[in-house]
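Sequence lines set the chain letters: A, B, ... in the order given, protein chains first and strands last, and positions in each chain run from 1. Below, all heavy atoms of this structure are taken into account, side chains as well, without hydrogens, waters or symmetry copies.
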Amino acid sequence: MSERNIIEEYLRMDRIPHIWCPGCGLGTTVNCFIRALQQTKLPLDNISIVSGIGCTGRVAGYLKLNSFHTTHGRAIPFAIGLQLTNPKLKVVVYSGDGDLVSIGGNHFIQAARRNMDLAIICVNNFTYGMTGGQVAPTTPVDAVATTTPYGNFEEPFNLPHLADSVGAVYVARWTTYHVMQLTRAMKEVIQKKGFSFLEIISPCPTLYGRRNKIGDGLEMMKFYKENSEIRNGANTKDVAIGFKGPIICGKFVDKERPTFLENMNQKLSERIPNYKPYNGLV
Amino acid sequence: MTDVAIKKEPRGAVLITAERCKGCGFCVEFCPTKVLSMSDEYNSKGYHFPKVAVPESCSGCDLCGMYCPDFAIFGIRLKKSA
């Protein structure tokens, strides 16, 4: 075979085949991310990927970029440190729902409140995949997980609404079925300045789809195709996902707000005479 | 009226790394021109992999490459033979 897949130069091919299950949507999101990176034409030295723990956390290990695999839930604090040390770096946090909004939930809301210049890509599969399908803060009511055999009774997070209400400047949601829109959204997330949040609904056939009788990965993708509705600019209050309910996709929020560093430099230069604005240590 | 045989030239091609495939079937399902079908053969891990069933209708859009979670398939556009 003389032709080579263009995405292979962005992957650590010695680690492929990856550990993700057949029908898992994570590989599809990685495909879209690599294509979005190619379209932004950013030098790869100026990009950094930070992941936490979980199935999605392995993305950082498979991408041949400046990637970091951090402790559980602490992807955002690590990324903040990286970004503030070198503000020219574009830091992308690529992690799962269990990592970002359950154990790392407080970091998530604080980073959004301060408007740290981070791109957050949250792959939501409604469950804790790697540890065996326990109930997650995103599991819809009535869904079966290993820890809720009679159906979940906890109200889940509506992630776009959470991000919007704490001050994210960009909020979008797509499923792994919408690969073209997902690639465009990832490009926008990488180029946007400020706390930008992209939620990706991804199938987990082994733990979520099988227990909830949705079927394998392909059946879940068909479910997304039939039950998703594109509503750009929708009020994020209305986009909660119910069990086997419709999935509202689109770009919900795109606004401008000064970032943490801009605010800090402005405030301190007002109050401190001869203040030299901070623009990184390197 | 003379019968003109319309010879359709493929505008693209699909390249498959069968050993890396896990048989999820995304490419077969979502190919816009229905070029692919599932093969009856197995790879060494025991998964069925896709095969090119209708090569002349491939447009080289690379949507299969975007969907494939295992980086095992991709499409290329062919240059028109003059």
Above 12 or not: heavy atoms from other molecules or residues under 6.0 Å from CZ of Arg211(A)?
yes

Pick one of side chain, backbone, both or neither for Leu182(A), based on which atoms fall under 4.5 Å of a heavy atom in chain B.
neither

Hey, does Pro17(A) have a side-chain heavy atom less than 4.5 Å from the side chain of Lys45(B)?
yes

So, taking the atom named CZ in Phe30(B) and the one named NZ in Lys222(A), what distance separates them when rounded to the nearest 0.5 Å?
7.5 Å

Quick one: pull up CE in Met13(A) and CZ in Arg20(B) and give me the separation to the nearest 0.5 Å.
3.5 Å

Is it the backbone or the side chain of Ile6(A) that comes under 4.5 Å from a heavy atom of chain B, or both, or neither?
neither

Identify which part of Leu218(A) has an atom lying under 4.5 Å from any heavy atom of chain B, answering side chain, backbone, both or neither.
both

On a heavy-atom basis, the closest approach of Asn5(A) and Phe71(B) is ND2-O, 4.0 Å

With side chains defined as the heavy atoms from C-beta onward, is the minimum distance between Pro22(A) and Tyr47(B) less than 4.5 Å?
yes

Any chance you could measure Glu8(A), atom CD, to Thr17(B), atom OG1, to the nearest 0.5 Å?
6.5 Å

With only heavy atoms counted, which part of Met220(A) is less than 4.5 Å from chain B, the side chain, the backbone, both or neither?
neither

What part of Ile73(B) lies closer than 4.5 angstrom to a heavy atom of chain A: side chain, backbone, both or neither?
backbone

Just checking Arg210(A): does its CZ atom have more than 12 heavy atoms from other residues, nucleotides or ligands closer to it than 6.0 angstrom?
yes

Less than 4.5 Å to any heavy atom of chain B: does that hold for the side chain of Thr29(A), its backbone, both, or neither?
neither

Walk me through whether Asn31(A) and Tyr67(B) qualify under side chain to side chain contact (heavy atoms under 4.5 Å, CB included).
CA-CA 7 Å; Asn31(A) 269 327; Tyr67(B) 273 112; over 6 Å; no

Using every non-hydrogen atom in the two residues, find where Pro69(B) and Cys24(A) come nearest and quote the distance to one decimal.
CB-O, 3.3 Å

Between atom SG of Cys21(A) and atom NZ of Lys22(B), what is the distance when rounded to the nearest 0.5 Å?
7.5 Å

Heavy atoms, side chains only, cut-off 4.5 Å: are Met66(B) and Ile7(A) in contact?
no

